[in-house]
Engineer: 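The structure is given below, and queries will be raised subsequently.
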Amino acid sequence: MAVSIEHRGEIAVVIVDNPPVNALSQVVRQALLEAAEALDADPSVKAVVLTCAGRAFIAGADVGEFGKPPMPPHLPDLVSRIERAAKPWVAAIHGSALGGGFEVALGCRFRVAVPSASVGLPEVRLGIVPGAGGTVRLPRIAEVETAVDMATTGKPLGARKAHEAGLLDALIEDDLVAGAAAFARAVLDRPLPPALCDRPVAPPPAGFWEAAERTVSARAKREDAPLRALACMRRAAETDFDTAIAFERETFLALRGSAQAAALRHVFFAERAATRPPELAGVAPRMIRSTAVIGGGTMGAGIAAALRDSGLPVILIERDGAAIERGLASLRAIFDGAAKRGRISADVATERMAGITASTDYAALADVDLAIEAVFEDMDVKRDVFARLADSCGDDAILATNTSYLDPERIAEGVRRPERFLGLHFFSPAHVMKLLEIVPTKATAPEVLATGFALARMLNKIPVRAGICDGFIGNRILKVTRAQAERLLLSGATPAAVDAAMRAFGLPMGPFEAQDLGGLDIAAFQRKAARARGETPFAPIADRLCAIERFGQKSGGGWYDYEPGDRTPRPSDAVAAVIAEEAKGRPRRDWNEDAIADCILWPMVNEGARILADGTALRPSDIDLVKIHGYGFPRWRGGPMHCAEAHGLGNVVDALRALAGEGLAEPPCDLLLEAARRGGFPTPLVEAL
Ligand code: T1G
Ligand code: NAD
C-alpha cells in the first residue's frame, strides 16, 4: 500500500511506501489526503508522525508525471491540508527529503530527522521552481539568505546544518519513528507554534535582493529557473502568503512546460539510465579495493586523485624518481587546492596523500584489483606497459587504458587474459570532470565491463559505454566541431566571433579558446596519425599554426595571442593573416551568432546520428551526456541530440538549407539532409540504414 497508518497510542504514524524513492505520485497524494481527513476525524489521535519506508523520505513530485496534465489532488492543496490539520503533524526524515517531499515536511507543524538526513529544493535543477509552497514557507522558517541559497542552487542541506538553520526541530540519534512519536507526545503538552503560513518573513538587509539577483544571474548564466525561484522568494517576502503562493504556482506551471525543463528532465533520466545499461542487467561487478595508476602526468595525477577521493588506496607507477616527484607534487597541489577552497579539510588532504604509494617497481602491483594506464599516447609505450602489468598484477586484476585516440584492441594485443582489459577514458581534469567513457574490446568480459560502471558510481562519475573508433564518442564529435569551426573562419567569421557565439549558446568557452587551453599540439599529433592511416582530417589553419609553433597558451600564442602570465585571449594579427591566405577565393559572408551556432550544432547532431548508426553509442541520450559532462555542452539545452529532437527536423533542415548554400552542410550534415529528403528524423533513418 502506498500509504498506511499505524497507531501508537494517541500518535498515528503515517507511512509512505512508494519505491524506489517515495515520489509523490497521484496515488500517494490521494492516499495522504485521505489519511489527513481520516486522522482529523479520529478522536483517539492527538498527533501524527509522517515517515517513509525504504532508504529515504519523499524525493519530491513524481518527475515521470511531468509530461502529463496535472491530476488532482494537487500537491499545494495536500500541503495546505496537512498544515491546516486539527492535529499537529511531525515529519520524520531519513535519507533525503527533496522538492515536494520537503514541501510536505514544511506543511507539517514540526520536522525531526536522523543526523545523516538531508533536505532540499532541487527543482531548479529540473528547470522549474518549487510548486507547493517551498519558496513561500521556507523563508518563514529560515533566514532569507539560507532560503534563497537553497532554492536558487538546488543544493540540499545536511540535517545538522538544517537543524542549526531552524529547518528541523530536533535530531533523532536512535530509532527515528520512536523518537518522532516521543517528540510528538512532548509537544502536546505545550502551545503549538503557528503554522508556517501564519508566520512572517523576517525582512532581509537593505539591498539584499539586488545583490542576490546579481549573484544568481551570474551563476545561472542562461538557465531561467534560478532567477524565477528568486523572484518567487522575493514575492514571498514582500507580499502576503496567498499572493505569494499563487505567484509561485503560476511560475511553476509556466516553467514546467518550458524547453529548458524538458531538456533538464531528459538529462535527469539519461543520467540515471546511463549508470544501469540494460546490457549489463544481472551482471555482478568485481570488487575494487585497491588500485594502481601508471603515469603520473596531467591525467594520471587527476585519476589518482579521483580514486583517492572515493577512498581507494592508489599505487602510482612512474618511469623514474623525478617523474614520481612531479606526479606527487601535482597530487599535493590538487588536494591542497581543494582544502584551500574548503571542499575538504587540511587533515583530509593529508589523509588523501597518505593513501598514495609511489614507485617505479611494478612488483608493487601484485595485489591490486585495478590498474589504469595513463602514459604517453604512444602505441609502443602503452603496449610495453601492459606487457609488464600482465606479468606483475594478479590474474584477476582489471587492466585499463586511458587512451584518447589509440585503438584499445591493438593496445591489448598479446596481453594475457584479454577479457580483463578495457578502456576507461577520463576527461581532464580527471578529478573534476564527471564523464567516463567506458570502452570495451571484443574480449572484455561482461563482469569487467560491469566493474567499469561500478567504478564510475564509486567515483561519482557519469559512465557512458562507447564503441571503438577514432576518438570514441566525444573526441570523434569534437573533430567534426573543430573542422566546422575552421570552415566558418574560411567563410568570413573570426575566432573571437565563433567563440563569442558558442559562449552565448551556453558553452563555458568557444572551440578556439578551448584549443588554446588544451594545446593545439595534441590534436596535431592525432591528425598526423590519421593521415598516416590514409584519412584526410580538415584543419588547414590549425596545421599552419602548429607549423609556426603556435600551440596555444603553453607557447604564448595559438588562435589568440597571450601576454606572459596572462591567460586573456587577444585577437592575433598573425592568425588573421594565416586565415586570410587560406580563405583566398572562397565565398565570404557576415555571420550572426545564431547562424554560427547552427553551423556548429547540426554537424554535431549529424555525427551523433552516424555514431548511433555504427553502434559506437547505444542511445542518443548517451551522446548528450558525453557532450554535457565531457565538453561543457549546456545542460539546460539537454545535449545536441535532444536539441535536434526538441527543435524538430523541419527547423533543423531549414537551418541546414540556409547553410548548404555556403557549402557548410555537405558533407558534415549528410545524414540530416538525407533524413529531410526521406521526411523523418535521423534516428529512425539510422535504424533504417
Ligand atoms: N520522480 C520520479 N522518479 C524518480 C524521482 C522523482 N522525483 N527521483 C528519483 N526517481 C527514480 C530514478 O529515475 C531512478 O529510476 C530511481 O528513482 C532511483 O533514483 C512540486 C514539482 C532521490 C537523491 O529533483 O535527486 O518535487 O532509473 O538512481 O542515486 O516542488 O534520485 O531506477 O528507473 O537517482 O539513490 C524534485 C530527484 C522533484 C529529486 C536518490 N526532486 N531525485 O538518488 O537513486 S520536482 C528531485 C534525486 C518537485 C515540487 C516539484 C535522486 C535521489 P530508475 P537514483 P539515488
Ligand atoms: P602527460 O605527458 O602529462 O603524462 C604522461 C606521464 O606518463 C608522464 O608523467 C610520463 O613520465 C609517464 N610515463 C611515460 N611512459 C611511462 C612508463 N613506461 N611507465 C610509467 N610512466 C610513464 O600525458 P597526459 O596528458 O596525462 O596523457 C596521458 C594519457 O591520457 C594519454 O594516452 C592521453 O591521450 C590520455 N588523455 C589525455 C587527456 C588530456 O586532456 N591530457 C584527456 C584524456 C586522455
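Counting starts at 1 for both ligands and their atoms, in listed order. The analysis underlying the following values was restricted to heavy atoms, covering all of them including side chains, and did not include hydrogens, waters or symmetry mates.
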Engineer: Ignoring hydrogens, tell whether any protein atom lies closer than 4.0 Å to atom 24 (O) of ligand 1; use the non-hydrogen atoms only.
Structural biologist: yes

Engineer: Give the numbers and elements of all ligand 2 atoms closer than 4.0 Å to a heavy atom of G295.
Structural biologist: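 Going through ligand 2 atom by atom, the ones under 4.0 Å from G295 are 7 (O), 12 (C), 21 (N).
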
Engineer: Would you confirm whether D320, through its side chain, and A323, through its main-chain N or O, come within 3.5 Å as a donor-acceptor pair?
Structural biologist: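 Such a contact is found between D320 side chain and A323 backbone.
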
Engineer: Where the side chain of S96 meets the backbone of L98, is there a donor-acceptor pair that is under 3.5 Å apart?
Structural biologist: no

Engineer: How about atom 39 (C) of ligand 1: does it have a protein heavy atom within less than 4.0 Å?
Structural biologist: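 At least one protein heavy atom is under 4.0 Å away.
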
Engineer: Go through ligand 1 atom by atom and flag the ones less than 4.0 Å from a non-hydrogen atom of D62.
Structural biologist: 1 (N), 2 (C)

Engineer: Considering the heavy atoms of Y362, write down every atom of ligand 2 situated less than 4.0 Å from one of them.
Structural biologist: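 Once the distances to Y362 are compared, the set is 19 (N).
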
Engineer: Please write down residue, atom name and distance for the protein heavy atom closest to atom 40 (O) of ligand 2.
Structural biologist: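 For atom 40 (O) of ligand 2, the nearest protein heavy atom comes out as S428 CB, 3.4 Å.
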
Engineer: For F386 and F421, I'd like to know if the aromatic rings sit close, meaning centre-to-centre distance below 6.0 Å.
Structural biologist: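 Distance test on ring centres: under 6.0 Å, yes.
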
Engineer: Tell me which protein heavy atom sits closest to atom 7 (N) of ligand 1, plus the residue, atom name and distance to 0.1 Å.
Structural biologist: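 For this ligand atom, the closest protein heavy atom is A61 O, 2.9 Å.
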
Engineer: Can you sort out which atoms of ligand 1 are near F268, meaning under 4.0 Å from one of its heavy atoms?
Structural biologist: 8 (N), 9 (C), 37 (C), 42 (N)

Engineer: Would you kindly specify which portion of D384 sits under 4.0 Å from ligand 2, judged on non-hydrogen atoms: side chain, backbone, both or neither?
Structural biologist: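 Neither part.
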
Engineer: Please tell me if the side chains of V16 and L32 come closer than 4.5 Å, counting only heavy atoms from C-beta onward.
Structural biologist: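 Touching, per the 4.5 Å side-chain cut-off.
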
Engineer: Check R137 against S80 and note the closest heavy-atom contact, atom names and distance.
Structural biologist: NH2-OG, 3.7 Å

Engineer: For atom 30 (O) of ligand 2, which protein heavy atom lies nearest, and how many Å away is it?
Structural biologist: N402 ND2, 2.9 Å

Engineer: Tell me which protein heavy atom sits closest to atom 37 (C) of ligand 2, plus the residue, atom name and distance to 0.1 Å.
Structural biologist: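 It is M299 CG, 3.3 Å.
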
Engineer: Assess R272 against F268: is NZ or CZ under 6.0 Å from the centre of the six-membered ring, and within 45 degrees of the ring's axis?
Structural biologist: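 Yes - R272 lies over the ring of F268, closer than 6.0 Å to its centre and within 45° of its axis.
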
Engineer: With a 4.5 Å cut-off on side-chain heavy atoms, are L424 and L436 touching?
Structural biologist: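 The answer is yes; the side chains approach within 4.5 Å.
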
Engineer: Under a 4.0 angstrom heavy-atom cut-off, which atoms of ligand 2 come close to S404?
Structural biologist: 33 (C), 34 (O), 35 (C), 36 (N), 37 (C), 43 (C), 44 (C)

Engineer: Please answer whether the main-chain N or O of H425 pairs with a side-chain N or O of E437 as donor and acceptor at a distance below 3.5 Å.
Structural biologist: no

Engineer: For T403, take its heavy atoms, then give the atoms of ligand 2 lying under 4.0 Å from any of them.
Structural biologist: 32 (O)

Engineer: I need the nearest protein heavy-atom contact for atom 12 (C) of ligand 1: residue, atom name and distance, please.
Structural biologist: R272 CD, 3.6 Å

Engineer: Relative to ligand 2, is F426 under 4.0 angstrom through side chain, backbone, both or neither, heavy atoms considered?
Structural biologist: backbone

Engineer: Quiz question for you: does at least one protein heavy atom lie closer than 4.0 Å to atom 25 (O) of ligand 2?
Structural biologist: yes

Engineer: May I ask you to test the P463-T275 pair for a side-chain heavy-atom distance under 4.5 Å?
Structural biologist: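 Yes, at least one pair of side-chain atoms sits under 4.5 Å.
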
Engineer: Please list, in number order, the atoms of ligand 2 under 4.0 Å from a heavy atom of V381.
Structural biologist: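 Selected atoms, number and element: 15 (N).
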
Engineer: Within the structure, is a non-hydrogen atom of F427 found at a distance of less than 4.0 Å from ligand 2?
Structural biologist: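 The answer is no, since F427 has no heavy atom less than 4.0 Å from ligand 2.
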
Engineer: Considering heavy atoms of the protein only, find what lies nearest to atom 18 (C) of ligand 1 and give residue, atom and distance to 0.1 Å.
Structural biologist: R55 NH2, 3.7 Å

Engineer: Can you check atom 43 (O) of ligand 1: any protein non-hydrogen atom closer than 4.0 Å?
Structural biologist: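 No; the ligand atom in question lacks any protein heavy-atom contact below 4.0 Å.
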
Engineer: Could you check if a side-chain atom of T291 sits within less than 4.5 angstrom of a side-chain atom of V314, using non-hydrogen atoms only?
Structural biologist: yes

Engineer: Under 4.0 Å from a heavy atom of F269: give me the atoms of ligand 1 that qualify, with their elements.
Structural biologist: 13 (O)

Engineer: With heavy-atom distances below 4.0 Å as the criterion, list the atoms of ligand 1 near G100.
Structural biologist: 26 (O), 30 (O), 48 (C), 49 (C)

Engineer: What I want to find out is whether E65 reaches R29 closely enough, with some N-O distance under 4.0 Å, to be called a salt bridge.
Structural biologist: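 Counted as a salt bridge, because a side-chain N and a carboxylate O are separated by less than 4.0 Å.
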
Engineer: Please state which protein non-hydrogen atom is closest to atom 1 (N) of ligand 1 and give its distance, to 0.1 Å?
Structural biologist: V63 N, 2.8 Å

Engineer: Which atoms from ligand 2 have a heavy atom of H425 less than 4.0 Å away?
Structural biologist: 43 (C), 44 (C)

Engineer: Can you confirm if the aromatic rings of Y631 and F427 lie within a centre distance of less than 6.0 Å?
Structural biologist: yes

Engineer: Considering the heavy atoms of L75, write down every atom of ligand 1 situated less than 4.0 Å from one of them.
Structural biologist: 20 (C)

Engineer: Using salt bridge (Lys or Arg N to Asp or Glu O under 4.0 Å) as the criterion, point out the one residue from R635, K434, R125, R457 that pairs with E271.
Structural biologist: R635

Engineer: For ligand 2 and E377, I'd like to know whether there is a polar contact (N/O to N/O, distance under 3.5 Å).
Structural biologist: yes

Engineer: Please write down residue, atom name and distance for the protein heavy atom closest to atom 8 (N) of ligand 1.
Structural biologist: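 Closest protein heavy atom to atom 8 (N) of ligand 1: V21 CG2, 3.5 Å.
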
Engineer: Is L520 close to W559 at the side-chain level, that is, under 4.5 Å between some pair of heavy atoms?
Structural biologist: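 They are in side-chain contact.
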
Engineer: Do any nitrogen or oxygen atoms of T298 come within less than 3.5 Å of a nitrogen or oxygen of ligand 2?
Structural biologist: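 By distance alone, the answer is yes.
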
Engineer: Starting from atom 18 (N) of ligand 2, find the nearest protein heavy-atom neighbour and note its residue, name and distance.
Structural biologist: V385 CG2, 3.6 Å

Engineer: What is the nearest protein non-hydrogen atom to atom 16 (C) of ligand 2, stated with its residue, atom name and distance?
Structural biologist: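 Checked against all protein heavy atoms, atom 16 (C) of ligand 2 sits closest to R319 CG, 3.2 Å.
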
Engineer: Do the non-hydrogen side-chain atoms of R465 and F453 ever get within less than 4.5 Å of each other?
Structural biologist: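 Sidechains of F453 and R465: in contact.
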
Engineer: Can you report which non-hydrogen protein atom sits closest to atom 29 (C) of ligand 2, along with the distance?
Structural biologist: V375 O, 3.3 Å

Engineer: Which residue, H266, R619, H642, forms the side-chain hydrogen bond (donor to acceptor under 3.5 Å, both in side chains) with D624?
Structural biologist: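 So, applying the side-chain hydrogen bond (donor to acceptor under 3.5 Å, both in side chains) to D624 and each of H266, R619, H642, only H266 qualifies.
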
Engineer: Relative to atom 45 (S) of ligand 1, which among F57, F66, F102 owns the nearest non-hydrogen atom?
Structural biologist: F66

Engineer: Given side chains that start at C-beta, do those of I324 and L316 come closer than 4.5 Å, heavy atoms only?
Structural biologist: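 I324 vs L316: side chains apart.
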
Engineer: What protein heavy atom sits nearest atom 17 (O) of ligand 1, and how far off is it?
Structural biologist: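 Here the nearest protein heavy atom works out to P20 CG, 3.2 Å.
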
Engineer: What atoms in ligand 1 come closer than 4.0 Å to a heavy atom of G60?
Structural biologist: 26 (O)

Engineer: Could you identify the single nearest non-hydrogen protein atom to atom 32 (O) of ligand 1 and state the distance to 0.1 Å?
Structural biologist: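 I find the closest protein heavy atom is R276 NH2, 3.1 Å.
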
Engineer: Tell me whether the count of non-hydrogen atoms from other residues, nucleotides or ligands lying under 6.0 Å of NZ in K554 goes above 12.
Structural biologist: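 Enclosed.
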
Engineer: May I ask you to list the atoms of ligand 1 that are less than 4.0 angstrom from any heavy atom of A59?
Structural biologist: 7 (N), 22 (C), 36 (C), 39 (C), 41 (N), 46 (C)

Engineer: As an exercise, identify every atom of ligand 1 less than 4.0 angstrom from a heavy atom of F252.
Structural biologist: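 Contacts of ligand 1 toward F252, numbered from 1: 21 (C).
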
Engineer: Provide the number and element of each atom of ligand 2 under 4.0 Å from a heavy atom of G297.
Structural biologist: 3 (O), 4 (O), 6 (C), 9 (O), 26 (O)

Engineer: Considering only protein heavy atoms, which is closest to atom 49 (C) of ligand 1, and at what distance to one decimal place?
Structural biologist: E103 OE1, 3.2 Å

Engineer: Between ligand 1 and E65, can you find any atom pair, the residue atom being a heavy atom, that is separated by under 4.0 Å?
Structural biologist: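 Checking ligand 1 against E65, which is what was asked, there is no heavy-atom contact under 4.0 Å.
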
Engineer: Can you confirm whether M150 sits close enough to F102 that some side-chain heavy atom of one is under 4.5 Å from a side-chain heavy atom of the other?
Structural biologist: yes

Engineer: Counting from 1, what ligand 2 atoms have a heavy atom of K382 closer than 4.0 Å?
Structural biologist: 31 (C), 32 (O)

Engineer: Can you tell me if CZ on R567 sees more than 12 non-hydrogen neighbours from other groups inside 6.0 Å?
Structural biologist: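 No, because the 6.0 Å sphere around CZ of R567 holds 12 heavy atoms or fewer from other groups.
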
Engineer: Is it the side chain (CB and beyond), the backbone, both or neither of L121 that lies under 4.0 Å from ligand 1, heavy atoms counted?
Structural biologist: neither

